[in-house]
*Asks:* 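Pasting a structure below so you can have a look.
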Amino acid sequence: MENLVGRFIKYAKINTLSDENSKTCPSTKGQLELVNILAQELKDIGMSEIDLDKHGYLMATLPANIKDTVPTIGFIAHLDTSPDITAKNVEPRIIEQYFGKNIILNKKTNIVLSPKEFLDLNNYIGQSIITTDGNTLLGADDKAGIAEIITAVEYLIKHPEIKHGKIRVAFNPDEEIGRGTDKFDIKKFNVDFAYTVDGGPLGELEYENFNAARAKITIKGLNVHPGSAKNKMKNSMLVAMELNSMLPGHQSPAHTEGYEGFYHLTDISGSVDSTTVNYIIRDHDKSKFNRKKDLLIRIIDHLNLKYGPRTIKITMVDQYYNMREIIELRYDIVNLAIKAMNAAGVAPKIVPIRGGTDGAKLSYMGLPCPNIFAGGHNFHSKYEYVPIKSMEKAVEVIVKIAELNAAQSEK
Ligand SMILES: [Zn+2]
């Protein structure tokens, strides 16, 4: 465990912000810098079959130390941090034995991490937590996950008395820009099942995420001089507003939580002549998801009848699906994680993800892959922080998963 915090801080200081506009994989050089360090580290601690490909996907093996045939488990974390917020000169700060008061992250810019605003902080009074200096994100999403996985396999190597099957680890680039699994070779990874260590606070365990689609809608208008426009002008922006008003207003991100889905207007730009509107559509329930997509199509059909054929065009593509359908067939994997958390003294908190994960895509590629906590809070923000004890517990959970998996199969 002594290397856990040092590892995390070392990784956090490397700028691995991913870039949507980049055509390369990985999208940024910083990710290659980090992954090269990780490859060396895996070698140093005694991992085998270390394989770093040209796209920045790193895989390695911890061989089994028992003869029985035990299913192979994979543990996965991502290298990049969110492009939403700068990761230049990340300076993690350790607050020893948090007192329960405001933490002044940055005096100059008056950035304060307050337990009044972030109530979860109160759960960590007396613990040491790692914060930012108020200028950047921290990158516990997902460098805490990386540090935890490496520390866990190192622990297993140093404690051969703990019996385990074959363990594989993988670190991939560009999760935050939705490309984390694009070049993930699951054949090469060759595991029976896996966990992404990319969840939030202590105990989080996730195997449900949104079904997701995005829709690009273009509206063609007709512009004439407003003084002589009667019965002639077609203002595409007004058509866009009409379209949006026909969607159920309460089904928007600001009015939904838990299992409630939504339409989210992500951007709109237009003139009288032409307007482009983008939506994302989300729902955990497949049939509700399909109904949401249908409704959008029917609204557009209706408006095309009203304003003339081909006034509105839509291209809608599915982005990812709820992994629950896949994981339900392999609920033993969820149970194993629950047992491991209980054994580590961590209360499992099963929550539906209001987003997607690499694990969802991997699950549909044939590799069932729930998500377990890495321990951090306030991801993608200057207020990001991670309690050290939560990171230690994540290491323990990974070790316990390996141990219990072997014990289960021996029976
Ligand atoms: Zn993440």
*Asks:* Ring centroids only, cut at 6.0 angstrom: are His78 and Phe171 within range, meaning strictly under it?
*Replies:* no
*Asks:* Taking the side chain from Arg214 and the backbone from Met316, do they hold a donor-acceptor pair closer than 3.5 Å?
*Replies:*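 Looks like no, no N/O pair under 3.5 Å.
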*Asks:* Tell me, do Ile150 and Met47 make a side-chain contact under 4.5 Å, heavy atoms counted?
*Replies:*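 With C-beta onward as the side chain, the pair stays apart.
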*Asks:* Do the side chain of Asn322 and the main chain of Asn211 share a donor and acceptor less than 3.5 angstrom apart?
*Replies:*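 Side chain of Asn322 to backbone of Asn211: no pair is present.
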*Asks:* With sequence neighbours left out, write down each residue that passes side-chain hydrogen bond (donor to acceptor under 3.5 Å, both in side chains) with Ser269, or none if nothing qualifies.
*Replies:*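 Not a single residue meets the side-chain hydrogen bond (donor to acceptor under 3.5 Å, both in side chains) criterion with Ser269.
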*Asks:* Tell me the side chain to side chain donor-acceptor pair (under 3.5 Å) pairs involving residues 358-370, sequence neighbours left out?
*Replies:* Asn172-Asp358
*Asks:* My understanding is that only residues two or more places apart in sequence, or in another chain, count here; which of them pass side chain to side chain contact (heavy atoms under 4.5 Å, CB included) with Pro63?
*Replies:*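 Residues passing side chain to side chain contact (heavy atoms under 4.5 Å, CB included) with Pro63: Ser48, Thr61.
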*Asks:* Under 4.0 Å between a side-chain nitrogen and a carboxylate oxygen: does that hold for Lys292 and Asp283?
*Replies:*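 Salt bridge present between Lys292 and Asp283.
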*Asks:* Can you name the ring-ring contact (aromatic ring centres under 6.0 Å, His included) partners of Phe379, sequence neighbours left out?
*Replies:* none
*Asks:* Once you measure the plane-to-plane angle for His284 and Tyr259, does it fall in the parallel (<30°), tilted (30-60°) or perpendicular (>60°) bin?
*Replies:* perpendicular
*Asks:* Check salt bridge (Lys or Arg N to Asp or Glu O under 4.0 Å) between Glu117 and all other residues, then give those that pass, not counting sequence neighbours.
*Replies:* none
*Asks:* Counting only N and O atoms by type, is there a donor-acceptor contact under 3.5 Å from the side chain of Asp80 to the main-chain atoms of Leu17?
*Replies:*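 A pair under 3.5 Å: no.
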*Asks:* Do Thr196 and Glu175 come close enough that some side-chain heavy atom pair is under 4.5 Å?
*Replies:*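 The answer is no, as the side chains (C-beta and beyond) never meet within the 4.5 Å cut-off.
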*Asks:* Under 3.5 Å, which donor-acceptor pairs do the side chains of residues 215-228 form with other protein atoms, sequence neighbours left out?
*Replies:*
residue	atom	partner	partner atom	Å
His225	ND1	Gly227	N	2.8

*Asks:* Under 4.0 Å between a side-chain nitrogen and a carboxylate oxygen: does that hold for Glu392 and Lys389?
*Replies:*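 Looking at Lys389 together with Glu392, the answer is no, because their closest N to O distance does not fall below 4.0 Å.
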*Asks:* Can you check whether Lys382's main-chain N or O pairs, donor with acceptor, with Thr132's side chain at less than 3.5 Å?
*Replies:*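 Yes; at least one donor-acceptor contact below 3.5 Å.
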*Asks:* Is it the case that the ring center of Tyr124 lies less than 6.0 angstrom away from the ring center of Phe118?
*Replies:* no
*Asks:* Hydrogens and angles aside, do Thr266 and Asn278 bring a side-chain donor and acceptor to less than 3.5 Å of each other?
*Replies:* no
*Asks:* Between Glu396 (side chain only) and Val346 (backbone N and O only), is there a donor and an acceptor less than 3.5 Å apart?
*Replies:* no
*Asks:* Out of curiosity, Ser236 OG to Tyr307 OH, how far, rounded to the nearest 0.5 Å?
*Replies:* 11.0 Å
*Asks:* Just so I know, are the side chains of Ile398 and Tyr195 near enough to count as touching, which here means a heavy-atom distance under 4.5 Å?
*Replies:*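 When only atoms from C-beta onward are counted, Tyr195 and Ile398 do not touch, as no gap falls below 4.5 Å.
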*Asks:* Kindly state whether the ring of Tyr207 and the ring of Tyr331 have centres lying under 6.0 angstrom apart.
*Replies:*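 Yes, close enough.
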*Asks:* Looking at Glu20, is its backbone amide N or carbonyl O close enough to the side chain of Arg179 to form a donor-acceptor pair, meaning the two atoms are under 3.5 Å apart?
*Replies:*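 Answer holds: yes.
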